[in-house]
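Encoded as structure tokens, the structure appears first; notes follow it.
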Amino acid sequence: VSPQQFSALTEVLFRFLTEPKEVERFLAQLSDFATMNKISLGPLKNIVKSILLVPNGALKRNLSSEQVRADFIALGLSEEKASYFAEQWKVNSPTLTRLAVGQTLMINQLIDMEWKFGVTAGSSELEKVGSIFLQLKLVIKKGSQMENVYIELTLPQFYSFLHEMERVKTSLESFS
Amino acid sequence: QLVSALHNLTRHVVYRGLTRAEDILSLFPENFHQNLKNLLTKIILENINSWRNEAQASQISLPRLADMDWRVDIKTSSDSISRMAVPTCLLQLKIQEDVALCGNSPVLSALTVELSKETLDTMLEGLGRIRDQLSAVANK
């Protein structure tokens with residue numbers, strides 16, 4: 001495989017790694033590459049699969065780009081190509097790391113919040129009430145399903161909730 | 001019969017929100033015993049605020065927030081990446097189901113929610129907007 005072909009292939013690979021949802025585009029680009037360079041698609045796919053294992057393993061073990069280069073050379077790739085790949089790796093690793101962190105498991109993740117507030121006008125016990133209520137709707141991801149949770153808060157509760165959340169933010173910021 | 005009548009009287013007073021002695025006195029029939037009328041009015045007036053508060057507390061409502069707790073964790077590794085330092089927040093909300101339905105045995109459920117820093121920032125923005133809207137309403 002010539003250097004230009006290799007860099008084109010690497011580009012395709014990294015584009016897929018940074019956007020793992022674009023599977024179809026990746027496969028289309030792979031078959032374009034195969035036809036352009038007169039390589040058959042089957043063996044190319046196998047090679048690509050083994051190449052992809054390296055960045056994924058590197059992420060898991062937090063390898064530096066030198067280590068990635070050493071891995072590739074150990075696999076039998078030429079020095080020039082290994083260096084090129086390692087360079088690309090260094091450039092892309094922040095994005096890839098961010099993606100991996102984003103995939104980390106989250107328990108009951110809060111997805112969305114809606115609210116409304118209003119005044120209770122009357123009830124069956126009290127003819128005129130006039131008290132303010134706040135209703136929150138929290139959309140939570142439980143496993144793969146979304147669940148809506150509705151809560152009502154009084155004004156004092158709202159203010160202490162806001163206060164607590166601001167404390168959380170300060171705490172999170174001190175750890176970033 | 002006496003208890004039921006008293007009950008009706010107090011319910012009526014609470015419902016209408018009567019706070020003045022004259023209003024309550026006017027509810028009694030003409031030939032009611034004077035001293036008893038005054039005594040009853042005095043007792044009702046003493047209790048009216050706590051009765052109103054209790055009625056308000058046991059109104060039907062959506063599930064209410066009873067308590068909340070939080071903790072901040074730092075995620076250090078996972079199956080997809082072996083070293084990282086990502087702070088995350090766990091928020092536990094204790095929710096009480098409809099008070100009117102539960103009566104004297106409140107049903108409390110705990111919901112634990114995880115928030116990333118971005119989610120928390122967005123949530124705080126939303127809460128800030130609520131606070132601004134509330135003060136706009138209060139100042140009208």
Side-chain angles (χ1 to χ4, degrees), chain A residues 56 59-62 96-97 99-115 117 119-120 122-129 131-136 138 140-141 147 149-155 157-162 164-169 171-176, chain B residues 11 14-17 51-52 54-56 58-75 77-91 93 95-96 100 111-117 119-124 126-131 133-134 137-138:
Chain A
N56 282 335
L59 258 186
K60 279 196 203 192
R61 286 148 32 214
N62 254 339
L96 291 174
T97 317
L99 272 179
V101 169
Q103 274 172 2
T104 315
L105 122 98
M106 276 202 111
I107 310 177
N108 280 357
Q109 188 182 6
L110 179 67
I111 309 280
D112 195 17
M113 175 177 92
E114 287 173 26
W115 75 83
F117 63 86
V119 178
T120 307
S123 78
S124 46
E125 312 245 319
L126 302 162
E127 191 179 25
K128 289 200 202 93
V129 180
S131 59
I132 304 184
F133 62 84
L134 174 70
Q135 280 171 4
L136 282 183
L138 305 170
I140 299 182
K141 191 166 175 198
E147 187 182 305
V149 178
Y150 297 92
I151 319 182
E152 198 172 291
L153 286 90
T154 63
L155 274 195
Q157 280 177 323
F158 166 69
Y159 285 114
S160 56
F161 185 67
L162 176 59
E164 288 302 309
M165 289 291 107
E166 284 177 345
R167 286 175 72 196
V168 176
K169 177 175 163 130
S171 174
L172 278 181
E173 276 176 353
S174 69
F175 285 117
S176 304
Chain B
R11 278 196 65 147
V14 169
Y15 183 73
R16 286 306 207 77
W51 285 336
R52 262 190 83 88
E54 214 182 285
Q56 230 173 321
S58 55
Q59 265 173 37
I60 56 166
S61 72
L62 287 181
R64 291 199 199 151
L65 183 68
D67 198 7
M68 74 165 266
D69 278 322
W70 57 267
R71 88 174 192 212
V72 166
D73 285 349
I74 313 264
K75 297 201 250 210
S77 73
S78 82
D79 60 327
S80 49
I81 182 164
S82 68
R83 259 192 14 214
M84 56 179 177
V86 178
T88 183
C89 167
L90 282 170
L91 178 65
L93 302 166
I95 301 178
Q96 185 175 25
L111 175 69
T112 308
V113 175
E114 189 170 340
L115 299 137
S116 67
K117 187 161 180 307
T119 316
L120 178 71
D121 286 337
T122 316
M123 181 193 229
L124 271 176
L127 292 178
R129 255 179 287 150
I130 299 179
R131 184 190 47 201
Q133 286 174 353
L134 278 173
V137 166

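In what follows, every chain begins at residue 1, and chains take the letters A, B, ... in the order their sequences are listed.
The closest side-chain heavy-atom distance from Ile95(B) to Val149(A) is below 4.5 Å. A 4.5 Å side-chain heavy-atom check between Leu153(A) and Trp115(A) finds every atom pair outside the cut-off.
Surrounding NZ of Lys141(A) are at most 12 heavy atoms belonging to other residues, nucleotides or ligands under 6.0 Å away.
Contact annotation for Thr88(B): both backbone and side-chain heavy atoms come within less than 4.5 Å of a heavy atom of chain A. Only the side chain of Met113(A) comes within contact range of chain B, with at least one heavy atom under 4.5 Å from a heavy atom of that chain. Both the backbone and the side chain of Leu115(B) come within contact range of chain A, with heavy atoms under 4.5 Å apart. Only the side chain of Gln135(A) comes within contact range of chain B, with heavy atoms under 4.5 Å apart. For Leu127(B), the parts lying under 4.5 angstrom from a heavy atom of chain A are both the backbone and the side chain. Contacts between Gln109(A) and chain B at a heavy-atom distance below 4.5 Å involve backbone atoms as well as side-chain atoms. Of the atoms belonging to Ser116(B), heavy atoms from both backbone and side chain fall under 4.5 Å from chain A. In this structure, chain A has a heavy atom under 4.5 Å from the side chain of Leu111(B), while its backbone stays farther away. Contact annotation for Arg131(B): both backbone and side-chain heavy atoms come within less than 4.5 Å of a heavy atom of chain A. Looking at Tyr150(A), the atoms closer than 4.5 Å to chain B (heavy atoms on both sides) sit in the backbone and in the side chain alike. The contact between Val113(B) and chain A is made by backbone and side chain atoms together, counting heavy-atom distances below 4.5 Å. Proximity to chain A (any heavy atom under 4.5 Å) is shown, for Leu65(B), by both the backbone and the side chain. The part of Ile140(A) that comes within reach of chain B is its side chain, from C-beta onward, which places non-hydrogen atoms under 4.5 angstrom from that chain. In this structure, the portion of Met68(B) lying under 4.5 Å from any heavy atom of chain A is its side chain and not its backbone. Using a 4.5 Å cut-off between heavy atoms, Leu134(A) touches chain B through its side chain atoms alone.
Options Ile151(A), Leu136(A), Asp112(A) differ in how many heavy-atom pairs under 4.5 Å they form with chain B, and the most are formed by Ile151(A).
Residue Leu120(B) holds its CG atom at 8.5 Å from CD of Glu173(A), rounded to the nearest 0.5 Å. Taking CE from Met165(A) and SG from Cys89(B), the interatomic distance works out to 5.5 Å, rounded to the nearest 0.5 Å.
A search for side chain to side chain donor-acceptor pair (under 3.5 Å) contacts involving Glu166(A) returns nothing, not counting sequence neighbours.
Taking every heavy atom of both residues into account, Phe117(A) and Phe133(A) meet most closely at CB-O, 3.0 Å.
In this structure, Glu164(A) contributes its side chain and Phe161(A) its backbone to no donor-acceptor pair below 3.5 Å. Remark: the backbone N or O of Ile107(A) is paired with a side-chain donor or acceptor of Glu114(B) at under 3.5 angstrom.
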Problem set entry | Candidate pair Asp73(B) and Arg71(B), rule salt bridge (charged side-chain N to carboxylate O under 4.0 Å, His left out), full reasoning | CA-CA 7 Å; Asp73(B) 285 349; Arg71(B) 88 174 192 212; 2.9 Å; yes
